[in-house]
Engineer: 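I am attaching a structure below and will ask some questions about it afterwards.
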Amino acid sequence: MTDASLFTLDNRRAVVTGAAGLLGREFCRALVGANATVYALDVDVAGLQRVADECQAIPMRCDVTDERDVEQTIADLASAGSIDALVTSAAIDPKVDEDGSLTSRNDGNPASYPLDSWSRSLQVNVTGTFLVARCVGRVMAAQDEGRGRGSIVTIASTYGLVAPDPRLYGGPEPELSAWKPIDYPASKGAILAFTRALAAAYVGTGVRVNALTPGGAYAGQDPAFVERYSSRTIIGRMARPEEYRGPIVFLCSDASSYMTGANLVVDGGWTAL
């Protein structure tokens with residue numbers, strides 16, 4: 001193979017969950033651009049249609065927390081051919097709005113954080129990842145005449161590696177009055193442990209499992225927040241969403257054929273400081 005062909009996904013089929021989200025859309029674009037047939041999964045039907053219109057991904061409504069829905073969706077896909085790559089980016093992740101506030105139903109204070117918010121986040125972020133990876137992994141393990149073939153990429157976060165800094169949140173004059181909800185870092189830390197365990201479970205097969213840990217991506221947030229966040233990175237800015245296209249193609253393609261159980265951190269140097 002040539003160096004360039006290592007990064008192509010010709011004749012391969014990929015599944016992306018959370019495809020209507022900020023990074024999910026970029027993952028779909030990247031994989032379609034690498035010549036994969038991409039199946040975009042989400043509960044946001046309107047968002048899925050936008051993704052389909054933008055990059056010709058194939059939209060499929062699927063609730064990753066619904067076991068029957070996941071089983072049926074993956075069975076339908078497997079009946080039509082191989083599944084060569086899976087990207088599990090479905091997640092609940094409160095964002096920072098244009099006014100600098102977090103898009104959550106509460107301030108994230110761990111002393112009063114509601115159980116239903118905690119449970120819902122873990123259900124989507126952790127159990128949803130498990131359900132889809134279980135179904136797709138079963139398909140991948142049976143491919144290539146039972147030797148197994150495929151790449152599973154989980155999406156973690158810098159907050160699975162380090163704690164959220166509450167001084168980033170709370171408006172132009174930050175005080176310790178707003179928190180990134182504690183279920184988010186808990187779930188992303190679990191994703192990293194799950195990734196390693198799942199990779200080990202496929203020992204001796206051609207199924208690889210790796211994590212991508214992205215840093216914060218710019219999406220029109222309040223300028224004061226962007227400045228505070230950027231000052232914490234070595235590169236000195238937030239990521240552009242499209243900067244995660246290259247890493248996802250790398251992890252899904254033969255360019256990463258000797259990687260499994262690993263965590264690729266792409267965060268502008270946030271966690272290096």
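Any value given below was found using the heavy atoms of this structure, including those in side chains, with hydrogens, waters and symmetry copies removed. Start at 1 with the first residue, then count along the sequence.
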Engineer: Return yes if some donor-acceptor pair links the side-chain N/O of Arg147 with the main-chain N/O of Thr205 below 3.5 Å, else return no.
Structural biologist: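 Answer holds: no.
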Engineer: Give the cluster check for Tyr218 versus Tyr159: same hydrophobic cluster or not, with ILVMFWY residues linked at side-chain heavy-atom distances below 4.5 Å.
Structural biologist: yes
Engineer: Under the criterion side chain to side chain contact (heavy atoms under 4.5 Å, CB included), I'd like the reasoning laid out for Leu41 against Val64: C-alpha separation, chi angles, the key distance, then a yes or no.
Structural biologist: CA-CA 9 Å; Leu41 278 54; Val64 298; 5.9 Å; no
Engineer: Which heavy-atom pair separates Thr17 from Ala90 by the least distance, and what is that distance?
Structural biologist: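 Shortest heavy-atom contact: OG1-N, 3.2 Å.
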Engineer: On a heavy-atom basis, which atom in Val70 and which in Cys135 lie closest, and how many Å separate them?
Structural biologist: CG1-SG, 3.8 Å
Engineer: Check salt bridge (charged side-chain N to carboxylate O under 4.0 Å, His left out) between Glu71 and all other residues, then give those that pass, not counting sequence neighbours.
Structural biologist: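 Salt bridge (charged side-chain N to carboxylate O under 4.0 Å, His left out) check on Glu71 returns Arg134, Arg138.
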Engineer: Over all heavy atoms of both residues, which pair between Ala156 and Thr213 is shortest? Give the atoms and the distance, please.
Structural biologist: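 Reported closest heavy-atom pair: CB-OG1, 3.4 Å.
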Engineer: Looking at Gln56, Arg50, Gln49, which hits side chain to side chain donor-acceptor pair (under 3.5 Å) with Asp53?
Structural biologist: Gln49
Engineer: Checking one residue: Leu273. Which other hydrophobic residues are in its cluster under the side-chain 4.5 Å linking rule?
Structural biologist: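 So far as hydrophobic clustering goes, Leu273 is joined with Ile234.
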Engineer: With sequence neighbours left out, which residue pairs that include part of residues 20-37 fulfil the salt bridge (Lys or Arg N to Asp or Glu O under 4.0 Å) condition?
Structural biologist: Glu26-Arg29, Glu26-Arg245, Arg29-Glu54
Engineer: Please find the pair of heavy atoms, one from Leu212 and one from Pro247, that lie closest to each other, and give the distance.
Structural biologist: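 Minimum heavy-atom separation between Leu212 and Pro247: CD1-CB, 4.0 Å.
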Engineer: Can you name the ring-ring contact (aromatic ring centres under 6.0 Å, His included) partners of Tyr244, sequence neighbours left out?
Structural biologist: none
Engineer: Just wondering, do Pro214 and Val266 contact through their side chains at under 4.5 Å, heavy atoms?
Structural biologist: no
Engineer: For Glu227, look at atom CD and say whether over 12 heavy atoms of other residues, nucleotides or ligands are found less than 6.0 Å away.
Structural biologist: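 Result for CD/Glu227: open.
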Engineer: Report the C-alpha distance between Ile155 and Val87 in whole Å, list the side-chain angles of each, state the deciding distance to 0.1 Å, and finish with yes or no for side chain to side chain contact (heavy atoms under 4.5 Å, CB included).
Structural biologist: CA-CA 7 Å; Ile155 304 303; Val87 180; 3.9 Å; yes
Engineer: As a quick check of understanding, evaluate side chain to side chain contact (heavy atoms under 4.5 Å, CB included) for Val16 and Ser89, giving each step before the final call.
Structural biologist: CA-CA 7 Å; Val16 178; Ser89 58; 3.9 Å; yes
Engineer: Any chance you could lay out the side-chain hydrogen bond (donor to acceptor under 3.5 Å, both in side chains) test for Ser82 and Arg12, step after step, and finish with the verdict?
Structural biologist: CA-CA 8 Å; Ser82 65; Arg12 300 190 191 183; over 6 Å; no
Engineer: Would Met238 and Phe225 count as a side chain to side chain contact (heavy atoms under 4.5 Å, CB included) here? Give the steps.
Structural biologist: CA-CA 10 Å; Met238 299 187 76; Phe225 169 81; 4.1 Å; yes
Engineer: Should we count CG of Asn11 as having more than 12 external heavy atoms under 6.0 Å?
Structural biologist: no
Engineer: Heavy atoms, side chains only, cut-off 4.5 Å: are Asn210 and Asn263 in contact?
Structural biologist: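 Sidechains of Asn263 and Asn210: no contact.
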Engineer: Quick check: closest heavy atoms across Ala19 and Val51, and the distance to 0.1 Å?
Structural biologist: O-CG2, 3.4 Å
Engineer: Which residues satisfy the side chain to side chain donor-acceptor pair (under 3.5 Å) test with Glu243, sequence neighbours excluded?
Structural biologist: Arg237, Arg240
Engineer: Verify the cluster assignment for Ile152 and Leu264: are they in a single hydrophobic cluster under the rule of side-chain heavy atoms below 4.5 Å apart?
Structural biologist: no
Engineer: Under the rule for salt bridge (charged side-chain N to carboxylate O under 4.0 Å, His left out), what residues qualify as partners of Asp66, not counting sequence neighbours?
Structural biologist: none
Engineer: Taking the side chain as every heavy atom from C-beta outward, state whether Asp69 and Arg61 have any atom pair closer than 4.5 Å.
Structural biologist: yes
Engineer: Residues two or more places apart in sequence or in another chain: which of them pass side chain to side chain donor-acceptor pair (under 3.5 Å) with Thr271?
Structural biologist: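 With sequence neighbours excluded, Thr271 shows a side chain to side chain donor-acceptor pair (under 3.5 Å) to Asp267, given in chain and number order.
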Engineer: For Ser257, is there any backbone N or O sitting under 3.5 Å from a side-chain donor or acceptor partner on Asp254?
Structural biologist: no
Engineer: With a 3.5 Å cut-off and sequence neighbours excluded, list the donor-acceptor pairs that the side chains of residues 126-133 form with protein atoms.
Structural biologist:
residue: Thr129; atom: OG1; partner: Asn125; partner atom: O; Å: 2.8

Engineer: Is a donor on one side and an acceptor on the other found under 3.5 Å between the side chain of Ser256 and the backbone of Leu251?
Structural biologist: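 Between the backbone of Leu251 and the side chain of Ser256 there is a qualifying donor-acceptor contact (under 3.5 Å).
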Engineer: Using 4.0 Å as the upper bound for N to carboxylate O, is an ion pair formed by Asp165 and Lys180?
Structural biologist: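 Salt bridge flag = no for Asp165 with Lys180.
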Engineer: Tell me, do Pro181 and Ser121 make a side-chain contact under 4.5 Å, heavy atoms counted?
Structural biologist: no
Engineer: Is there side-chain contact between Ile92 and Arg120, with at least one heavy-atom pair below 4.5 Å?
Structural biologist: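 The answer is yes; the side chains approach within 4.5 Å.
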Engineer: Applying the 4.5 Å side-chain criterion to the ILVMFWY set and letting contacts propagate, would Val38 and Val136 be lumped into a single cluster?
Structural biologist: no
Engineer: How close do Ala40 and Leu48 get, counting heavy atoms only, and between which atoms?
Structural biologist: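 Scanning both residues completely, I find the closest heavy atoms to be O-CD2, 3.4 Å.
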Engineer: Same cluster or not: are Phe27 and Val32 linked, directly or through other Ile, Leu, Val, Met, Phe, Trp or Tyr residues, by side-chain heavy atoms under 4.5 angstrom apart?
Structural biologist: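 Linked, Phe27 and Val32 end up in one cluster.
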Engineer: Mind jotting down which residue pairs meet the ring pair (Phe, Tyr, Trp, His ring centres under 6.0 Å) criterion with at least one end in residues 254-273? Sequence neighbours excluded, please.
Structural biologist: Tyr229-Trp270
Engineer: Quick check: do Leu77 and Ile74 have side-chain heavy atoms less than 4.5 Å from each other?
Structural biologist: yes
Engineer: Going by the side chain to side chain donor-acceptor pair (under 3.5 Å) test, which pairs reach into residues 34-43, not counting sequence neighbours?
Structural biologist: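 Every side chain to side chain donor-acceptor pair (under 3.5 Å) pair that includes a residue of residues 34-43, provided the two are not neighbours, is Asp10-Asn35, Arg13-Tyr39.
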Engineer: Quick one: does Ser253's side chain have a donor or acceptor within less than 3.5 Å of a partner on Leu6's backbone?
Structural biologist: yes
Engineer: Measuring only between side-chain heavy atoms, which start at C-beta, is Asn109 closer than 4.5 Å to Ser112?
Structural biologist: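 Asn109 reaches Ser112 side chain to side chain.
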Engineer: Using atom types as modelled, flag every donor-acceptor pair under 3.5 Å from a side chain in residues 190-202 to any protein atom, sequence neighbours excluded.
Structural biologist:
residue: Thr195; atom: OG1; partner: Thr154; partner atom: OG1; Å: 2.6
residue: Thr195; atom: OG1; partner: Ile191; partner atom: O; Å: 2.7
residue: Tyr202; atom: OH; partner: Gly137; partner atom: O; Å: 3.4

Engineer: With rounding to the nearest 0.5 Å, note down the distance linking CG in Asp93 to CG in Asp183.
Structural biologist: 9.5 Å
Engineer: What pairs of residues pass the salt bridge (Lys or Arg N to Asp or Glu O under 4.0 Å) test when at least one of them lies in residues 73-84, not counting sequence neighbours?
Structural biologist: Asp84-Arg149
Engineer: With a 4.5 Å limit on heavy-atom distance, are the side chains of Val153 and Cys252 in contact?
Structural biologist: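 Contact flag for Val153/Cys252 side chains = yes.
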Engineer: Under 3.5 Å, side chain of Gln143 to main-chain N/O of Gly150, donor-acceptor pair present?
Structural biologist: no
Engineer: Is the backbone N or O of Asp116 less than 3.5 Å from a side-chain atom of Ser119, with the two atoms forming a donor-acceptor pair by type?
Structural biologist: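 Looks like no, no N/O pair under 3.5 Å.
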